[in-house]
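Worksheet: one structure, shown below.
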Amino acid sequence: MAETILKVENVGKEYRLGQIGGATLREELQRLGAKIRKKEDPTLKIGYKKSVKNGKIHALKNVSFEAERGETIGIIGRNGAGKSTLLKLITGVTAPTSGTIYLNGRVASMLEVGTGFHPELTGRENIYVNGAILGMTKKDIDSKIEDIIDFSECREFIDTPVKRYSSGMYVKLAFSVAAHLDAEIMIMDEVLAVGDVAFQNKCIKKMKEIADSGRTILYVSHNMSTVRNLCKRCIIIEKGEKVFDGDTEDAIAKYISSNSETVTAKDVFSDKRPYKLTFAVRLSKVEIMGGNGVYKRGENLCFLTTFLTKTDFADLKVRAVVSTLDGVTAGVAVSESFAGKKGESNEKELSLDLSDLLPDKYKVSLTFTEADKNGNYTDHDCVLDALFFEILPDEKDMAYKDYNIKTSGAKLSFI
């Protein structure tokens, strides 16, 4: 009989909005001082407004499921559905408002890039700190540290403070630590959104090995391709509730069908961001121009971005990643440089050449980035699934079947 290693029973989480919102005592004192002086809250993120006092939000409602030892479970849903909240409750980052969670083993988690890393410590020192938090002895960590460093591909920088790491290096080291330290349950939240394709494939292969060794994995992702490759079972979360729990293929089909409509305008300011960013720029709205999001072959996708900045910029760029709805990347394009002014609602209209894309339904993720003189990019803001659109087939496309599986590798460009 299979052993149950995780049991979630009628778990709910409720947040109170308005009065307490600072992460530290210092922030709360700053907010109080500003309130007494009748000044604007200095701790609010750029563009945010105050929440309604005493308001409440139900992030999760009566969620229940069980996980067996060695099982790999995908958790999917829209941004803000409650996926990350569920994982934070399981890992003990925050406590549930109602319900009970039973764990039969240690948990290794990677909820965000660099979670648990101290920026002033080196990569090597952070490996030991994370191991100690999981209850491992120095002897245990010593026996694994070379494997961790080799897998992370960060040996050259392992004795450098992690505050100098790029987001991709954070992911590589953090995943390597979580994958090699001894824990019965491994929890991953959208961690493969950063990093090159080769490393993503390497991570998926490693997670399969971990599952085969008898450890349990909970994996949250918007990339249906990785969910399909890794998970045999999938849970869909919508508006804080579990709406499906079963076979992965059935779950993906249900999820895609419920999200397949084209989206021509979207307020994205409050959408969850996928990884470590500077937030010196904040994308607030994206809107498709002069169309309903449905195109013929050879037409261009014109869209308007609205964004805020903390300072003046002269060399911003937009990187657009176009993917099929099941997460297969079709192509990537980077725009020319443009400016952004501090304190203003900036707008930038962009046009993406779609002529190399085959008929299918697509989604677009947008990243505001900036390159220095050496060609190194700094990502300021990123919104996954910012826009959806569809390309209709023409007579030529009807001459062959399954054209949608041939969309990867398209040459995309801004015009």
Side-chain angles (χ1 to χ4, degrees), residues 45-47 78-80 113 166-168 190 192-195 197 221-224 259 261-291 293 295 299-310 313 315-325 327-340 344-354 356-357 360-371 377-391 407-408 410-415:
K45 291 182 179 179
I46 179 173
R78 295 186 179 188
N79 290 325
V113 177
S166 67
S167 56
E190 198 61 68
L192 300 184
V194 183
V197 174
S221 180
H222 289 280
N223 189 324
M224 298 300 107
N259 292 276
E261 73 278 1
T262 58
V263 177
T264 59
K266 187 178 180 184
D267 291 321
V268 297
F269 188 88
S270 298
D271 282 10
K272 180 185 175 183
R273 271 46 176 176
Y275 54 87
K276 184 183 178 184
L277 302 159
T278 69
F279 294 116
V281 180
R282 188 85 177 187
L283 182 60
S284 59
K285 187 177 180 180
V286 187
E287 181 178 1
I288 290 179
M289 306 294 290
Y295 299 92
E299 293 183 335
N300 299 323
L301 170 64
C302 298
F303 61 96
L304 179 69
T305 62
T306 304
F307 61 97
L308 305 169
T309 68
K310 288 185 177 180
F313 285 95
D315 295 309
L316 286 175
K317 295 184 178 182
V318 167
R319 181 169 65 247
V321 178
V322 178
S323 309
T324 58
L325 295 186
V328 177
T329 300
V332 180
V334 179
S335 73
E336 297 293 330
S337 298
F338 57 91
E344 296 184 10
S345 181
N346 299 277
E347 292 185 345
K348 177 61 178 179
E349 187 173 337
L350 298 161
S351 184
L352 190 60
D353 182 2
L354 306 178
D356 203 36
L357 287 178
D360 206 341
K361 292 181 179 180
Y362 296 91
K363 56 187 178 181
V364 185
S365 297
L366 299 174
T367 300
F368 273 72
T369 189
E370 183 183 23
Y377 282 89
T378 299
D379 291 347
H380 297 298
D381 194 18
C382 176
V383 176
L384 299 177
D385 306 347
L387 288 173
F388 291 78
F389 68 92
E390 180 178 2
I391 296 180
T407 54
S408 61
K411 296 179 181 178
L412 301 182
S413 61
F414 284 102
I415 57 176

Practice task
Among T367, T309, T369, D379, find the one that has a side chain to side chain contact (heavy atoms under 4.5 Å, CB included) with V281.
Solution key: T309

Problem - Lys/Arg-Asp/Glu bridge criterion (N-O < 4.0 Å) met for D385, R78 - result: no

Practice task
Would you check if F269 and L308 make a side-chain contact, meaning some heavy-atom pair closer than 4.5 Å?
Solution key: yes

Handout entry: Atom of L277, atom of D381 and distance for their closest heavy-atom approach
Key = CD1-CA, 3.9 Å

Exercise for the section: Heavy atoms only: give me the nearest K317-V334 pair and the separation to one decimal. Expected result: CD-CG1, 4.0 Å

Practice task
Please report the shortest heavy-atom distance between L316 and H380, naming the atom on each side.
Solution key: CD2-CD2, 3.9 Å

Practice task
Any chance you could lay out the side chain to side chain contact (heavy atoms under 4.5 Å, CB included) test for L352 and V322, step after step, and finish with the verdict?
Solution key: CA-CA 10 Å; L352 190 60; V322 178; 3.9 Å; yes

Handout entry: Residue pair V332 / R319: nearest heavy atoms and the distance that separates them
Key = CG1-CG, 3.9 Å

Exercise for the section: First locate atom CD of E349, then atom CG of L304, and finally report the distance between them rounded to the nearest 0.5 Å. Expected result: 6.0 Å

Problem - Flag side-chain contact, heavy atom, 4.5 Å: F303 against V364 - result: no

Fill in the blank from the handout: Interatomic distance, CD1@I288 vs SG@C302, rounded to 0.5 Å, equals 10.0 Å

Handout entry: Reported OG-to-CZ distance for the pair S270 and R282, which is rounded to 0.5 angstrom
Key = 7.0 Å

Problem - Worked check of side chain to side chain contact (heavy atoms under 4.5 Å, CB included) between L354 and Y362 - result: CA-CA 11 Å; L354 306 178; Y362 296 91; over 6 Å; no

Fill in the blank from the handout: Between E336 and F338, the two heavy atoms sitting closest are O-CD2, 3.5 Å

Completion exercise
Between G340 and F307 the two heavy atoms that sit nearest each other are CA-CE1, 4.0 Å

Handout entry: Distance (rounded to the nearest 0.5 Å) between K361 NZ and I391 CD1
Key = 13.0 Å

Exercise for the section: Examine distances only and state if a side-chain atom of T305 and a backbone atom of K348 form a donor-acceptor pair shorter than 3.5 Å. Expected result: yes

Handout entry: Sub-4.5 Å side-chain heavy-atom contact between F313 and N346
Key = no

Exercise for the section: Would you check, one step at a time, whether the test side chain to side chain contact (heavy atoms under 4.5 Å, CB included) holds for L357 with F389? Expected result: CA-CA 12 Å; L357 287 178; F389 68 92; 3.9 Å; yes

